[in-house]
Amino acid sequence: MIKVMFVCLGNICRSPMAEYIFKDMIKKEKLNSKIIVTSRGTSREEEGNDIYYYAKEKLEEEGISYSKHKAQQLKKEEYNQYDYIIGMDEGNIRNIIRIVGKDSENKVYKLLDFTNDKRDILDPWYTGNFTKAYNDIQKGCKELFNYLKKEGKIKYER
Ligand code: 4NP
């Protein structure tokens with residue numbers, strides 16, 4: 001069992017989009033019982049709130065299902081409970097480290113670091129561009145999935 005956590009600032013736009021895009025990918029490969037996927041924010045600003053309307057609209061447009069969401073802030077003790085803690089931009093990475101302390105087990109990554117285009121995923125809360133965020137997140141999730149397969153972290157049933 002591997003445990004993946006996506007992290008953004010508010011936990012209402014990018015990280016829940018990543019959570020449900022990645023859940024959709026692993027479900028299609030019948031791997032949903034092998035990987036636990038969740039999301040958190042580094043800020044407390046949106047705690048308890050559902051996925052932002054335009055993020056939901058984009059997920060629906062792409063045929064990605066989602067369920068009821070309550071934004072949660074990342075907690076220090078969760079560092080030990082997850083294998084991959086994946087931020088969307090450099091600010092997220094700094095904030096993750098501020099919350100959990102030193103990344104002594106090298107669990108903290110930036111999503112597009114799994115691709116050959118190692119940029120930040122811009123925050124659509126500020127840019128208004130949910131299509132760009134979706135496309136970047138989709139690409140990152142696809143390459144994360146390929147990485148986990150290549151590294152032998154995902155075991156298919158025979
Ligand atoms: P997210 O976007 O980090 O992609 O969820 C944001 C949502 C809300 C806020 C900031 C970023 N906010 O400050 O309320």
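Bear in mind that the values here come from a model prediction, so they are computed numbers and not experimental data. Whatever order the structure lists ligands and atoms in, that order sets their numbers, starting from 1.
The protein heavy-atom contact nearest to atom 5 (O) of ligand 1 is Cys13 N, 2.9 Å. Looking only at heavy atoms of the protein, atom 1 (P) of ligand 1 is closest to Cys8 SG, 3.5 Å.
Near Leu9, with a cut-off below 4.0 Å to any heavy atom, the atoms of ligand 1 are 3 (O), 10 (C), 11 (C). Distances below 4.0 Å separate heavy atoms of Ile12 from the following atoms of ligand 1: 5 (O), 7 (C), 8 (C). The atoms of ligand 1 that sit less than 4.0 Å from any heavy atom of Glu46 are 8 (C), 12 (N), 14 (O). Within ligand 1, counting atoms from 1 as listed, the ones closer than 4.0 Å to a heavy atom of Tyr126 are 10 (C), 13 (O).
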Salt bridge (charged side-chain N to carboxylate O under 4.0 Å, His left out) assessment of Lys58 paired with Glu61
CA-CA 5 Å; Lys58 188 66 202 171; Glu61 190 184 309; 2.9 Å; yes
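Applying the side chain to side chain contact (heavy atoms under 4.5 Å, CB included) test between Phe130 and each of Tyr53, Trp125, Tyr52 identifies Tyr52 as the sole match. The residue from Tyr20, Tyr84, Phe22 that alone fulfils the ring-ring contact (aromatic ring centres under 6.0 Å, His included) condition with Phe6 is Phe22. Partner Gln73 forms a side chain to side chain contact (heavy atoms under 4.5 Å, CB included) with one of Glu47, Glu78, Glu45 and no other, that one being Glu47.
Only side-chain heavy atoms of Glu45 come within less than 4.0 Å of ligand 1; its backbone N, CA, C and O stay farther off.
Closest to atom 11 (C) of ligand 1 by heavy atom, among Ile121, Asp89, Asp123, is Asp123. The closest non-hydrogen atom to atom 3 (O) of ligand 1, taken over Ser39, Gly10, Gly87, comes from Gly10.
Note that Lys56 lies outside the cation-pi zone of Tyr66, set by a 6.0 Å cut-off to the ring centre and a 45° limit from the axis.
When hydrophobic clusters are built by joining Ile, Leu, Val, Met, Phe, Trp and Tyr residues whose side-chain heavy atoms come closer than 4.5 Å, directly or via intermediates, Met5 is not grouped with Leu148.
The two residues Pro124 and Asn129 have their closest heavy-atom pair at CB-O, 3.8 Å.
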